[in-house]
Each structure stands twice: as C-alpha cells, then as structure tokens.
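Inspection log for the structure reproduced underneath, given as structure tokens.
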Amino acid sequence: MNTNETKRASMLNLVNLWRASGRPKKEFSAANSISIHKLNYWIDLSNKQKKSNSFIEISREIPPSKTLDIIYPNGVKISTNGDFSLIKKLIHLF
C-alpha cells in the first residue's frame with residue numbers, strides 16, 4: 001500500500017469512527033487533531049464513494065424467445081417479448 005492509499009484508508013476509517021461515535025463534527029475533529037474542514041472533505045468523499053458503489057450494472061440483452069415480466073407492487077403485471085418502447089411509455093406515465 002502506498003502513502004496515498006494508506007492515508008485514504010486511515011481517513012475513511014476515521015469517518016467511520018465519527019459516524020459510530022454520535023459526536024458532533026467539531027468535537028470529534030478537535031479530539032482527533034484534524035480540522036473540521038478536513039473531516040467534512042473526507043465525509044463527502046466517503047458519501048460519494050458509497051453512492052458510486054450502490055448500483056449494479058445489468059445487461060439489456062434478452063434472448064428473443066424469452067419474455068420480460070414486470071410486476072408492480074400493486075399487482076399490475078406487464079409482459080413483453082422485446083418491445084421495450086411500450087414498456088418505456090408505460091413506465092414514464094407517472
């Protein structure tokens with residue numbers, strides 16, 4: 001691990017410690033000898049990292065012999081054999 005990776009890991013660990021502590025940022029940063037601005041920077045970076053990892057890529061390729069079923073929580077079911085333009089229109093109704 002190089003110096004930048006070590007620092008990043010250390011600071012992200014500090015962010016996790018702050019979240020678990022329940023203490024105000026100002027108090028936590030003073031107790032850990034870092035500026036509140038630096039703590040805020042790493043909190044923002046941590047939040048962006050979490051957001052970027054929250055999506056999973058899916059393939060849009062569906063074999064033509066298969067059907068796609070979308071079932072809404074209210075029980076409405078939409079089936080198609082590959083005509084996604086209809087699905088797109090139905091989804092964008094709301």
Side-chain angles (χ1 to χ4, degrees):
M1 214 182 240
N2 68 30
T3 307
N4 289 338
E5 290 171 345
T6 304
K7 180 175 181 174
R8 180 183 180 88
S10 173
M11 293 306 291
L12 291 175
N13 184 49
L14 194 64
V15 168
N16 289 333
L17 290 173
W18 166 74
R19 286 187 174 127
S21 75
R23 295 166 66 185
K25 292 177 188 177
K26 186 174 183 178
E27 181 183 309
F28 184 86
S29 60
N32 288 279
S33 303
I34 64 166
S35 72
I36 192 165
H37 303 291
K38 187 179 280 192
L39 180 62
N40 282 329
Y41 169 82
W42 286 102
I43 290 170
D44 289 343
L45 194 70
S46 173
N47 290 339
K48 288 177 186 175
Q49 180 180 341
K50 284 182 181 182
K51 286 180 184 177
S52 69
N53 292 335
S54 62
F55 290 98
I56 300 172
E57 184 177 344
I58 60 170
S59 173
R60 293 180 55 175
E61 296 177 22
I62 299 174
S65 62
K66 302 286 182 174
T67 60
L68 172 68
D69 295 331
I70 298 175
I71 303 170
Y72 288 94
N74 64 359
V76 173
K77 181 178 178 180
I78 302 171
S79 296
T80 183
N81 286 333
D83 182 13
F84 296 108
S85 62
L86 174 62
I87 299 293
K88 183 178 178 181
K89 289 176 187 174
L90 291 171
I91 289 174
H92 289 287
L93 283 176
F94 295 98

Report task. Examine distances only and state if a side-chain atom of Asn2 and a backbone atom of Asn4 form a donor-acceptor pair shorter than 3.5 Å. Result ->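 Yes, the answer is positive, given that a donor and an acceptor are paired below the 3.5 Å cut-off.
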Query raised in the report: What pairs with Ser46 under side chain to side chain contact (heavy atoms under 4.5 Å, CB included), at least two apart in sequence or on another chain?
Result: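 If we apply the side chain to side chain contact (heavy atoms under 4.5 Å, CB included) test to Ser46, skipping adjacent residues, the hits are Leu12, Val15, Arg19, Lys50.
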**Report entry** side chain to side chain contact (heavy atoms under 4.5 Å, CB included) involving Asn74 - partner list, sequence neighbours excluded
**Finding:**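 By the side chain to side chain contact (heavy atoms under 4.5 Å, CB included) rule, Asn74 matches Tyr72, Val76.
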Could you tell me the separation between the [atom1] atom of [X] and the [atom2] atom of [Y], rounded to the nearest 0.5 Å?
| X | Y | atom1 | atom2 | answer |
| --- | --- | --- | --- | --- |
| Leu14 | Phe28 | CG | CZ | 4.0 Å |
| Leu39 | Trp18 | CG | CH2 | 6.5 Å |
| Ser29 | Trp42 | OG | CH2 | 15.5 Å |
| Asn16 | Met11 | CG | CE | 11.5 Å |

Query raised in the report: Going hydrophobic residue to hydrophobic residue with side-chain gaps under 4.5 angstrom, can you get from Ile34 over to Ile36?
Result: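 Per the 4.5 Å side-chain linkage, Ile34 and Ile36 are not co-clustered.
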Requested in this report: Sequence neighbours left out, what pairs pass salt bridge (Lys or Arg N to Asp or Glu O under 4.0 Å) with at least one residue falling in residues 22-32?
Outcome: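 Applying salt bridge (Lys or Arg N to Asp or Glu O under 4.0 Å) to every pair that reaches into residues 22-32, excluding sequence neighbours, yields Arg23-Glu27.
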